[in-house]
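Below: the structure, in structure tokens.
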Amino acid sequence: MKLFRFWLESLGVGILAACLLPLDFYQKNYPQIPGQDIIFIVGAFALIHALVWLILRFIFRNSDRTCLAAYTLWGAFWFSRPVLSFIRHSCAWTQALYDLIRPYRYAVVLGVFISVVLAAYLWLRKHPAVLKTTVKVLNVAIVIEFFLLLGQTGHKVHEYAQLARHQQEQPVQPDGDYPNIYHILLDAHPNLEGARLLGYDLQPFYDDLNKLGFITFPTSRSNYCATHWSVPSMLTMDYLPGDETKLKDSTLYGLSQNNPVFNTLIQHGYHVQCATSHAIGISLYSSRYLQQIHNPRESLVFILRQTVLINFNHAILHVFYTQDPTSYRTCLERLLSPLDHQPMYRYAHILCPHPPFVFSDNASATYGLMVQDHTTNTDAKLIPQIRANIAGIDAMVLPILKQLTQQPNPPIIILHSDHGFQQFPNNVDSLFGNLLALYIPDTWKSDAKDLKFINIYRFILNHLFNEHRPYSEQNRQIIRGKNFDPVSNQAPDWVL
């Protein structure tokens, strides 16, 4: 009975340690993260918590003190990054505070958190009755939150099932004989000049695309130099409103999840499917369109990167992505799966040649390295791995493109990247130079001669549905709310 009471009293911290945040990620991103992945992750953290609990119990020799220590440990682990995100986005003075502590942000937050908890612990130690009550309140609150999350998860699953059933029962009938559309985004793939800066000749790849019937744009430049700005801009067919650095993530993701491109295609009878090689798509694209392609390793990496371990991002990805391009191949092969609807729009976001580096350059073993901080991001030592990733993903995507172009009814294919690399942060072609190639009807090609990246979907929707969307002028490349000097081709000093 005593043992049962002990485990009951410590149930809250066990839930916090093992499954509260994984369950929250699951219900927010359903159905992209499979349920079996969450079960695996919860089991892994439960085992880790059991070991941590035994160690803390041995140190403190008291169940209440052990519970408080465990709450401190797991609270810091799970909530450091959300707290920092809140500080960064809540208001102007907290943004200034975040900028001030940015180089040491996790150390500062953990230091403050642990100091507060330690002071509280020293006080509670002198008041054991208050300590016991505090632990009980925490346990009850966590258990209540757990059951609320279970209810939200059940509601999300039921809601999604109803939506899927409604789409099957009442599909939008096509209002014309439209071709299938395939959109392939190769994250951070440079254009011809951007590749040249890296010491890589991309001309043979452009030649291969031309032989397949693509029209290529070797000097194309993206709207922005980061995915979370570029993708919403592309799918809304316009520049972002105002200073993009002041837009919250929720605003950016809202723009891309409920975008006019997908909505227009659906209105004309297209069936939309999205696949991403990594969990980046969970935020960018609506769960209504995403397909599950992740495995427990992918899901675990995604969840770990939402915790304090984002500070050790290099190590996490080095362990989990060592020379393994399987997720890229799986995502691309989804494009070739049998069509269950006509017309079909299939969208694939491949996190390559963007790090992690999974293709060997035969000279370095840093395959899993993921750049995060500015110093590493511009490190010239990474250039051989970048070249290897470019060559590897190009070789992987070409056979897929060849099979797509051999379909009986010629499709429309969009192959592009969302930005370039940051190895030369004062050069517009390095940051913004992006891959762009289109497989379109021959009758469209003369109109596409001077097409800019900002207008690719305006162009396609205008020709496909006989619309008359005005084209935008792409006369700027934006970073941090400011423009590059179009004459000198240089970024302002604050970019460096």
Side-chain angles (χ1 to χ4, degrees), residues 178-195 202-223 230-231 233-238 259-262 264-265 268 270 272-274 332 335-336 343-350 390 393-394 396-407 409-420 432-474:
Y178 301 125
N180 297 314
I181 302 175
Y182 299 91
H183 182 133
I184 304 173
L185 193 164
L186 302 183
D187 205 302
H189 197 297
N191 67 1
L192 190 64
E193 176 62 19
L202 205 57
Q203 188 60 53
F205 182 62
Y206 281 105
D207 292 341
D208 288 336
L209 292 175
N210 290 327
K211 290 176 184 177
L212 290 176
F214 282 81
I215 179 173
T216 57
F217 303 84
T219 60
S220 175
R221 290 176 181 171
S222 61
N223 307 339
S230 185
V231 169
S233 174
M234 175 190 67
L235 293 177
T236 56
M237 299 181 284
D238 206 349
N259 66 79
V261 171
F262 287 12
T264 300
L265 292 170
H268 287 277
Y270 274 86
V272 174
Q273 291 180 345
C274 291
L332 288 169
L335 299 171
L336 302 175
M344 182 71 75
Y345 174 82
R346 284 181 169 168
Y347 183 108
H349 188 149
I350 314 296
I390 294 172
I393 195 61
D394 288 353
M396 185 178 288
V397 78
L398 273 174
I400 302 295
L401 295 174
K402 185 175 182 179
Q403 292 187 61
L404 291 176
T405 58
Q406 292 174 346
Q407 293 182 359
N409 297 319
I412 293 172
I413 305 174
I414 305 161
L415 176 69
H416 78 99
S417 62
D418 49 348
H419 56 83
F432 297 91
N434 72 318
L435 173 70
L436 179 59
L438 300 177
Y439 188 84
I440 53 179
D442 291 337
T443 54
W444 297 8
K445 289 183 178 179
S446 60
D447 296 336
K449 183 179 179 181
D450 298 317
L451 185 64
K452 305 299 182 184
F453 180 72
I454 186 71
N455 291 316
I456 55 173
Y457 269 109
R458 291 173 183 262
F459 172 84
I460 289 173
L461 297 183
N462 282 348
H463 284 74
L464 196 60
F465 304 130
N466 197 27
E467 296 183 357
H468 302 283
R469 300 172 186 263
Y471 291 145
S472 295
E473 289 293 327
Q474 189 178 37

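A pairwise comparison of heavy atoms in H468 and N466 identifies NE2-O, 3.7 Å as the closest pair. Considering every non-hydrogen atom in both A188 and S417, the closest pair reads N-CB, 4.1 Å. Taking every heavy atom of both residues into account, S472 and I454 meet most closely at O-CG2, 3.9 Å. Summarising the geometry of N180 relative to Q407, their closest heavy-atom pair is ND2-OE1, 4.0 Å, with the distance given to 0.1 Å. Closest non-hydrogen pair, Y439 versus P411, comes out as CD2-O, 3.3 Å. Summarising the geometry of M234 relative to V261, their closest heavy-atom pair is O-CG2, 4.4 Å, with the distance given to 0.1 Å.
Put simply, the side chain of L451 does not reach to within 4.5 Å of the side chain of L436, judged on heavy atoms. The shortest side-chain heavy-atom distance between T219 and L192 does not fall under the 4.5 Å cut-off. For the pair F205 and V397, the minimum side-chain heavy-atom distance is below 4.5 Å. Side chains of L461 and M237 form a contact here, defined as non-hydrogen atoms less than 4.5 Å apart. Using a 4.5 Å heavy-atom cutoff, the side chains of R458 and D238 are in contact. Under the 4.5 Å side-chain criterion, counting only non-hydrogen atoms from C-beta, E467 is in contact with T264. When side chains are defined from C-beta on, I414 does not count as touching I184, because their heavy atoms never get closer than 4.5 Å. Between Y182 and L401, the closest side-chain pair of non-hydrogen atoms is not below 4.5 Å.
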*Just do the side-chain contact (heavy atoms from CB on, under 4.5 Å) check on F217 and F453 with the steps written out, would you?*
CA-CA 9 Å; F217 303 84; F453 180 72; over 6 Å; no
*Would you check, one step at a time, whether the test side-chain contact (heavy atoms from CB on, under 4.5 Å) holds for L415 with L435?*
CA-CA 7 Å; L415 176 69; L435 173 70; 3.8 Å; yes
*side chain to side chain donor-acceptor pair (under 3.5 Å) evaluation trace for S233 with N223*: CA-CA 7 Å; S233 174; N223 307 339; 2.9 Å; yes
*asked:* side-chain contact (heavy atoms from CB on, under 4.5 Å) for H189 and D394? Distances and angles first, verdict last.
replied: CA-CA 9 Å; H189 197 297; D394 288 353; 2.8 Å; yes
_Is there a side-chain contact (heavy atoms from CB on, under 4.5 Å) between L464 and W444? Walk through the geometry before answering._
CA-CA 10 Å; L464 196 60; W444 297 8; 4.0 Å; yes
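For the atom pair NZ (K452) and OG (S220), the distance works out to 8.0 Å, reported to the nearest 0.5 Å. In this structure, CG on L202 lies 10.0 Å from OG1 on T216, to the nearest 0.5 angstrom. In this structure, H463 NE2 and I440 CD1 are separated by 7.5 Å, a value rounded to the nearest 0.5 Å. Rounded to the nearest 0.5 angstrom, T405 OG1 and I400 CD1 are separated by 11.0 Å. The structure places NE2 of H349 at 4.5 Å from CG of L185, a figure rounded to the nearest 0.5 Å.
Residue pairs meeting the salt bridge (charged side-chain N to carboxylate O under 4.0 Å, His left out) criterion with at least one partner in residues 437-449, sequence neighbours excluded, are D442-K445. The salt bridge (charged side-chain N to carboxylate O under 4.0 Å, His left out) contacts involving residues 206-219 comprise nothing, where partners must be two or more places apart or lie in separate chains.
Taking the side chain to side chain donor-acceptor pair (under 3.5 Å) definition, one finds that Y457 meets it with H183, Y345, sequence neighbours left out.
Here the side chain of N455 pairs no donor or acceptor atom with the backbone of Y471 at under 3.5 angstrom.
Checked against the 6.0 Å centroid threshold, F465 and Y178 count as a close aromatic pair.
N434 and H416 share no side-chain donor-acceptor pair at under 3.5 Å.
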